[in-house]
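Some notes on the structure that comes next.
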There are 2 protein chains.
Amino acid sequence: MDHYQTPLDPIFHALADPTRRAVVQRLGRGPAPVKELAAPFDMALPSFMKHIGVLEEAGLIASTKQGRVRTCRLSPDGLAAAERWFDEQRAIWASRYDNLDNLLTTLGGETDET
Amino acid sequence: MDHYQTPLDPIFHALADPTRRAVVQRLGRGPAPVKELAAPFDMALPSFMKHIGVLEEAGLIASTKQGRVRTCRLSPDGLAAAERWFDEQRAIWASRYDNLDNLLTTLGGETDET
DNA sequence: CATATAGTTAGCTGTATGGATCACTATCAG
DNA sequence: CTGATAGTGATCCATACAGCTAACTATATG
């Protein structure tokens with residue numbers, strides 16, 4: 001049961017770029033062909049395609065080619081993996097505050113919450 | 001109304017490295033001096049300090065120096081900013097499904113919004 | 001068939017990144 | 001004062017990254 005986790009490095013790396021985050025955001029509204037995705041950006045197509053490649057490698061998007069058009073869509077698993085990491089962190093802080101709370105409680109001898 | 005938002009680029013970039021994520025995770029359990037943070041990693045101190053620098057620049061951690069010891073602690077704002085981005089994305093997907101729902105409803109001939 | 005469209009492949013380039021070393025400062029312990 | 005400890009600062013190096021152009025393939029379309 002190895003719970004094979006999506007590697008976070010490429011996911012966060014992919015998200016560390018405004019162009020790529022914008023693409024993710026746009027795809028959140030639904031699938032789109034590369035050409036349309038590229039339109040808002042002042043960038044040569046090959047350069048833009050690299051971003052698509054990075055996103056796809058990271059498992060954040062998926063794409064299929066039909067005729068000469070490649071359509072991209074969001075693949076929520078990647079995002080979910082990243083969110084999971086944040087959840088873990090929050091769990092850690094939480095347990096820390098619990099401990100602090102326990103400590104204070106122990107020291108104070110009484111739990112007064114107001 | 002500029003709502004000066006913490007820039008996401010450096011935050012995600014900082015998180016795109018296992019060493020740095022590990023540091024964040026460790027600091028989630030409470031503050032620690034650099035030396036202690038560096039211990040688990042097989043890396044020269046100056047190299048490790050760069051990671052600390054990246055995290056601090058990104059606003060993910062803060063540090064203060066007392067005597068010759070620099071103590072680092074988590075600064076939750078950075079993490080929060082990143083999480084906020086995920087929240088936005090989820091909101092977008094959600095509205096998309098809403099639209100799909102509306103569309104289907106419209107096609108069905110009735111607008112029912114509970 | 002001729003041409004436009006949508007990607008793809010293959011380089012090239014400047015800058016950033018992650019690592020190392022060496023030399024240095026500043027503090028604490030005897 | 002002497003030495004050890006905890007960071008800093010200043011390079012240096014190899015690799016990765018983000019952008020470019022130019023040339024190519026493959027699919028529509030007139």
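Below, chain A is the first sequence line, B the second, and so on; all start at residue 1.
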Candidates [options] - which lies nearest the side chain of [X]:
{"X": "A:V34", "options": "C:dG7, C:dA4, C:dG18", "answer": "C:dG7"}
{"X": "A:P46", "options": "C:dT8, C:dA6, C:dT17", "answer": "C:dT8"}
{"X": "B:R68", "options": "C:dT27, C:dT8, C:dT21", "answer": "C:dT27"}

How many Å lie between [atom1] on [X] and [atom2] on [N], as a whole number?
{"X": "B:F41", "N": "C:dA20", "atom1": "CZ", "atom2": "P", "result": "13 Å"}
{"X": "A:L45", "N": "C:dA6", "atom1": "CG", "atom2": "P", "result": "9 Å"}
{"X": "B:Q66", "N": "C:dA26", "atom1": "CD", "atom2": "P", "result": "17 Å"}
{"X": "A:I52", "N": "C:dT8", "atom1": "CD1", "atom2": "C1'", "result": "14 Å"}
{"X": "A:R70", "N": "C:dT9", "atom1": "CZ", "atom2": "C1'", "result": "14 Å"}
{"X": "A:D9", "N": "C:dG18", "atom1": "CG", "atom2": "P", "result": "10 Å"}

Legend entry - Heavy-atom side-chain proximity of A:R21 to B:D9 below 4.5 angstrom: yes
Legend entry - Heavy-atom side-chain contact between A:R20 and A:K50 under 4.5 Å: no
Inset, instruction - State the OG1-CG distance between A:T19 and A:L37, to the nearest 0.5 angstrom. - result: 12.0 Å
Legend entry - B:R90/B:D87 ion pair, N-O < 4.0 Å: yes
Inset, instruction - Pick base, sugar-phosphate or nothing for A:K35, based on heavy-atom distances below 4.0 Å to the nucleic acid. - result: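 Sugar-phosphate: the residue A:K35, judged by heavy atoms under 4.0 Å, touches backbone atoms but no base.
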Inset, instruction - Map A:H51 and B:P33 onto DNA chain D by nearest heavy atom, then report which one ends up closer to the 5' terminus. - result: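 Per heavy-atom nearest nucleotide, the more 5' residue is B:P33.
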Inset, instruction - Starting from the 5' end of DNA chain D, give me the residue, B:T71 or A:A16, whose nearest nucleotide shows up first. - result: B:T71
Inset, instruction - Look at the side-chain N and O atoms of B:S47 and state whether any lies under 4.0 Å from the OP1 or OP2 oxygen of C:dG18. - result: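 Checking B:S47 against C:dG18: no side-chain N or O falls below 4.0 Å of OP1 or OP2.
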Inset, instruction - Report yes if at least one side-chain N or O of B:R20 is closer than 4.0 Å to OP1 or OP2 of C:dG18; otherwise report no. - result: yes
Legend entry - Closest non-hydrogen atom pair between A:P31 and A:T71, with its separation: CB-CG2, 4.0 Å
Inset, instruction - Grab the two heavy atoms, one from B:C72 and one from B:V34, that are nearest each other, plus how far apart they are. - result: SG-CG2, 4.0 Å
Legend entry - Opening and closing nucleotides of DNA chain D in contact with chain B, under 4.0 Å to non-hydrogen atoms: D:dA4 to D:dG9
Legend entry - 5' priority, DNA chain C, between A:K50 and A:K65 [closest heavy atom]: A:K65
Inset, instruction - Fit a plane to each ring of B:W85 and B:F12, take the angle between them on a 0 to 90° scale, and name the class: parallel (under 30°), tilted (30 to 60°) or perpendicular (over 60°). - result: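 Perpendicular, since the angle between the ring planes exceeds 60°.
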